2 protein chains.
Amino acid sequence: MKYIEILIKLRKIIRSINLESKKIEKELGISIPQLLVLQYLSDQKDYRAFAKDIKEYINLNASTVSGIISRLESKVLVAKSPKPNDKRATYILLTAKGADLLYKYPPTLQEKLSQRLKKLSPNQIEELDRNIDLLTIIMDVKDIDAAPLLTIKDLTELTVKVRTDHPQ
Amino acid sequence: MKYIEILIKLRKIIRSINLESKKIEKELGISIPQLLVLQYLSDQKDYRAFAKDIKEYINLNASTVSGIISRLESKVLVAKSPKPNDKRATYILLTAKGADLLYKYPPTLQEKLSQRLKKLSPNQIEELDRNIDLLTIIMDVKDIDAAPLLTIKDLTELTVKVRTDHPQ
DNA sequence: AAAATATAGTTCGTGTAGAAACTATTTAAA
DNA sequence: TTTAAATAGTTTCTACACGAACTATATTTT
């Protein structure tokens, strides 16, 4: 298995997700990243959070999140309100319209993958999950760079850790 | 395992790849998608191909490929030449400068993942590859849409197929 | 041969996505 | 307390990525 092969396969997967995103965007008017933000907000206390938290949750650059939020804001799905004692920070809060959208549509979206996953055996799901995590570890360039040379032992331990973290 | 979880994990992986891409872009002046195109051309007879072939290989939209090629063209890493008997088609060909770049740098890039993969056992690699393919199948919205309801049997057969296609 | 369709590419508009540079504010250090 | 450093966000620039609409050829149908 070559680097290029893995790369292309992963790109294909993400391409599929993006295509799905575009499709949803046409149907609902919002993209998956935007939906992820709404979903995150709906799980938070008072349905609000700081851009910083969102950034950390979806693991994106501050500027990217900034763009996503302003697009959501222009659709009135989220709103901004300043934090009382810190003029730097701004709450991003879910609007009723945003909650509406979330309430009406996501089941369709959510259940799509779930249905496909249900067709797999528990063993297959466990294996899939474990390997996604393994990929995360292998591909996580930043972490690898932080500890330049992972030994076989390290990687195996990580694998075992992941494995035991997600028992079937 | 929830939809959102898988989505976010996959997004993280791709984010890592993109970060790697940006890093390479700064170092070499070209991105991973651009590099994939060069690499593909270097594998072709006479080091040339049509945009259409490239499109199919990297699995991207025609307009995306068009953009990548014009960026490569402006860096004189590829050039265009019309196909004799079909004025619609244009050969994209690797330039000497493009071959140079490919010859000098990619080992560094290629070996990065290879080294990490070498740390895995053959069994782990086989399992990883199989699960990436499984993900491709699960995520490939288009194919799923074409045959709306895959049965458990279908999916299992696909899994088995993938499994036997890549024996350890 | 003329009309319809298919193929190859490009252009345009929009949405991610990141780095770098920046503003503004807050906190820590001197 | 003044300076330095950290934090929160935004803006600008570039690249990727898509669909839709478009141009220009080729091929197929009628």
Side-chain angles (χ1 to χ4, degrees), chain A residues 7 10-37 49-56 58-75 80-92 141-142, chain B residues 7 10-37 49-56 58-75 80-92 141-142:
Chain A
L7 216 55
L10 285 178
R11 297 190 82 87
K12 276 185 188 174
I13 293 170
I14 280 303
R15 188 177 176 248
S16 293
I17 295 175
N18 286 337
L19 286 176
E20 178 86 359
S21 180
K22 303 268 171 183
K23 222 173 93 185
I24 290 162
E25 205 170 335
K26 269 192 77 179
E27 283 169 31
L28 312 200
I30 67 165
S31 66
I32 286 186
Q34 288 171 27
L35 201 59
L36 287 176
V37 170
F50 297 114
K52 185 198 138 212
D53 305 319
I54 297 170
K55 184 199 102 163
E56 269 153 28
I58 351 183
N59 233 272
L60 293 176
N61 191 283
S63 59
T64 306
V65 172
S66 200
I68 292 169
I69 289 169
S70 55
R71 277 182 289 275
L72 282 172
E73 201 188 2
S74 68
K75 287 171 209 151
K80 288 179 181 176
S81 90
K83 184 183 176 185
N85 298 322
D86 190 338
K87 285 174 192 164
R88 292 170 305 178
T90 311
Y91 280 116
I92 311 300
V141 182
K142 266 190 187 166
Chain B
L7 216 55
L10 285 177
R11 297 190 82 86
K12 277 185 186 171
I13 292 170
I14 280 301
R15 189 177 176 247
S16 294
I17 294 174
N18 286 337
L19 287 175
E20 179 87 359
S21 180
K22 303 269 172 185
K23 223 173 93 186
I24 289 162
E25 206 169 333
K26 269 191 77 177
E27 283 170 30
L28 313 199
I30 66 164
S31 66
I32 286 186
Q34 288 172 28
L35 201 59
L36 286 176
V37 170
F50 298 114
K52 186 199 137 211
D53 305 319
I54 297 169
K55 184 199 103 164
E56 268 152 29
I58 350 183
N59 232 272
L60 292 174
N61 191 283
S63 57
T64 306
V65 172
S66 200
I68 292 170
I69 289 169
S70 56
R71 276 182 289 275
L72 283 172
E73 201 188 3
S74 68
K75 287 173 209 151
K80 287 179 182 176
S81 91
K83 183 182 175 184
N85 297 322
D86 191 337
K87 285 176 191 162
R88 288 170 308 179
T90 311
Y91 281 117
I92 311 302
V141 182
K142 267 190 186 166

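Treat the numbers as computed from the prediction; the structure is a model and nothing was measured. Residue numbering restarts at 1 for every chain, and letters A, B, ... go by the order of the sequence lines.
Between the P atom of D:dA8 and the CD atom of A:E56 lies a distance of 8 Å, rounded to the nearest Å. One interatomic measurement links the two molecules: NZ of B:K75 to P of D:dT14, which rounds to 12 Å at whole-angstrom precision. Distance CD (A:E73) to P (D:dG9): 13 Å, rounded to an integer number of Å. Taking atom NZ on A:K55 and atom P on D:dA8, their separation rounds to 8 Å, with Å as the unit. The interatomic distance linking A:L72 (CG) with C:dT14 (P) rounds to 17 Å, in whole Å. Rounded to whole Å, the distance from CD1 on A:I92 to C1' on D:dT10 is 12 Å. Residue B:I69 contributes atom CD1, which lies 15 Å from atom C1' of C:dT11 at whole-angstrom precision. Atom C1' of nucleotide C:dT7 and atom NZ of B:K83 are separated by 11 Å, given to the nearest angstrom.
In terms of phosphate contacts, A:K52 brings a side-chain nitrogen or oxygen within less than 4.0 Å of OP1 or OP2 of D:dA8. In terms of phosphate contacts, B:N61 brings no side-chain nitrogen or oxygen within less than 4.0 Å of OP1 or OP2 of D:dA17. Between A:R88 and C:dT27 there is no side-chain N or O to OP1 or OP2 distance below 4.0 Å. For B:K80 and C:dG9, the shortest distance from a side-chain N or O to OP1 or OP2 is not below 4.0 Å. Proximity of A:T90 to the phosphate of D:dG9: no side-chain N or O atom is located under 4.0 Å from OP1 or OP2.
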The test is side-chain contact (heavy atoms from CB on, under 4.5 Å); show your working for B:I68 and B:L60 and say whether it passes.
CA-CA 10 Å; B:I68 292 170; B:L60 292 174; 3.9 Å; yes
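Using a 4.0 Å heavy-atom cutoff across all strands shown, B:A51 reaches sugar-phosphate atoms only and no base atom. Residue-level contact check: B:S63 touches the bases, meaning some heavy atom is under 4.0 Å from a base atom. The residue A:A62 sits close to a base: some heavy atom pair falls under 4.0 Å. Among the heavy atoms of the strands lying under 4.0 Å from A:N85 are primed sugar atoms or P, OP1, OP2 only; no base atom is included.
Contact of the B:T90 side chain with the B:K83 side chain is not registered, since no non-hydrogen atoms from C-beta on lie closer than 4.5 Å.
Between the side chain of B:K75 and the backbone N or O of B:G29 there is at least one donor-acceptor pair closer than 3.5 Å. Remark: side-chain polar atoms of B:S70 are paired, donor with acceptor, to backbone N or O of B:S66 under 3.5 angstrom.
Note that the CD atom of B:Q34 and the CD1 atom of B:I69 stand 10.5 Å from one another [nearest 0.5 Å].
Two residues, A:D86 and A:S31, neighbour DNA chain C, and the one matched to the more 5' nucleotide by heavy-atom proximity is A:S31.
Of the candidates C:dT16, D:dA17, C:dG9, C:dG9 carries the atom nearest the B:A89 side chain, counting heavy atoms from C-beta on. For B:R71, whose side chain is taken as the heavy atoms from C-beta onward, the closest listed nucleotide among C:dA17, D:dC16, D:dG9 is D:dC16.
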